[in-house]
Amino acid sequence: MLVELSAVLLLFALLMYLALDGTDSGVGMLLYSFDQPQERQWMVHSLLPLWDANETWLVLLAGGMLALFPPLYSLLLQTLKVPLFLFLLALFLRGLALAYRGQPGETGRRWLDRLLMVSSLLAAFLPGWMSGLMLVSRPPSGIVIDFSLVPLLCGLGLVAVDLLLGCCWLCWRIGEPVVERARALAMLWWVVTLACFIAVLLLEPALWQQSWQRWPGKVLLSLLPALWLLQLLTLWREAMVALLMITLVQTGVVVAALACGLYPWLLPWQLEMHQQASSPVTQGFVVTGLLIVLPLTLLYHSWAFWVFKRQPQAAQRSP
């Protein structure tokens, strides 16, 4: 039971990172979809108070994996060291572009905008691509780095999800000046997200079929068509905040359904959860710490969203 609780806590940290950092990456990738300098300034200002705290969930995920499932951590670090380095570099460059965008002149600002867009694209694509590499792994190969179709579709799918989240975020946090353009782009990226999901489902059905054999997975997978229809309905009704919430729920349902199909494996049919877990003493100590730290981190994020909920609107009124 302790091993399952450890896995659930790490899964929760992963979901929080995907949900919170996805909007940051989405807004960064959308920067050049808006032509006016003032619009770009509002977009960056909507992220500045919150972006740096989102990586906290990534730190908790990596540290928890090292302590709770060290063989998995070791395998990922050995096999995926280059894409992991590029991913962390992209996060660093995105933060640099956000933090220093207001300092240089117009030429420097344009270069930082380009850096923000490219680094956001890499920060969105690489986790999806690496997840695809892990999910299609077959024994006894471990994790093989290649450019096969399914991992690339996973990377493209996560990029599309983040862009959809970014469009919803802009409608919510900025409003009227960008809402028309953001709604049109949201429809495009919703279509791309759906196409990538269907393609991955058809090309790599094993985990989905395994998930369907268990009642939690059956419930989760049954929810997905309803969530797709709800997304389409909210797009049609132009309810972008509701679309943001539904997309976040949908992301959680997809990840939970995959986890249900993956159980009890950490890596499909190669690393078994109970065999690769650390000692019960270590598990108990780390899980106790996570049960304290995770709610505190969640409370901090909720407080930060509340404090800065009016910041973009205030930026619009500023001269």
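For the single chain, residues carry numbers from 1 onward in sequence order.
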A.B. asks: Can you find a side-chain donor-acceptor pair between Gln283 and Ser279 that sits under 3.5 Å?
C.D. replies: no

A.B. asks: Give a yes or no on whether Tyr100 and Leu91 share a hydrophobic cluster (residues Ile, Leu, Val, Met, Phe, Trp, Tyr; joining criterion: side-chain heavy atoms under 4.5 Å apart).
C.D. replies: yes

A.B. asks: So, do Trp228 and Phe197 have ring centers that fall under 6.0 Å from each other?
C.D. replies: yes

A.B. asks: Determine whether the side chains of Trp190 and Gln231 contain a donor N or O and an acceptor N or O closer than 3.5 Å.
C.D. replies: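 Short answer, yes.
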
A.B. asks: Would a single hydrophobic cluster contain both Leu60 and Leu298, if residues Ile, Leu, Val, Met, Phe, Trp and Tyr are joined by side-chain heavy-atom contacts under 4.5 Å?
C.D. replies: yes

A.B. asks: Using a 6.0 Å cut-off, check whether atom CD of Glu272 has over 12 heavy atoms from anything other than its own residue.
C.D. replies: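 It does: Glu272 CD has more than 12 such atoms within range.
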
A.B. asks: Would Thr297 and Trp57 count as having a side-chain donor-acceptor pair, cut-off 3.5 Å?
C.D. replies: no

A.B. asks: Among Leu96, Leu48, Val44, which residue meets the side chain to side chain contact (heavy atoms under 4.5 Å, CB included) test with Arg101?
C.D. replies: Val44

A.B. asks: Judged by atom type as modelled, is there a donor-acceptor pair below 3.5 Å linking the side chain of Thr247 to the main-chain atoms of Leu165?
C.D. replies: no

A.B. asks: Donor-acceptor check, side chain of Glu4 to backbone of Met1, threshold 3.5 angstrom: yes or no?
C.D. replies: yes

A.B. asks: Can the ring centres of Phe87 and Trp129 be said to be less than 6.0 Å apart?
C.D. replies: no

A.B. asks: Say whether Trp269 and Trp208 are linked into one hydrophobic cluster, either directly or through other cluster members, by side-chain heavy-atom distances under 4.5 angstrom.
C.D. replies: yes

A.B. asks: Which residue, Leu58, Asp162, Leu158, Leu122, forms the side chain to side chain contact (heavy atoms under 4.5 Å, CB included) with Pro127?
C.D. replies: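 Considering Leu58, Asp162, Leu158, Leu122, a side chain to side chain contact (heavy atoms under 4.5 Å, CB included) with Pro127 is found only for Leu158.
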
A.B. asks: Are the charged groups of Asp35 and Arg181 less than 4.0 angstrom apart, N to O?
C.D. replies: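 Judged by the 4.0 Å cut-off on N to carboxylate O distance, Asp35 and Arg181 do not form a salt bridge.
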
A.B. asks: Between the side chains of Tyr17 and Glu55, is a donor N or O closer than 3.5 angstrom to an acceptor N or O?
C.D. replies: no

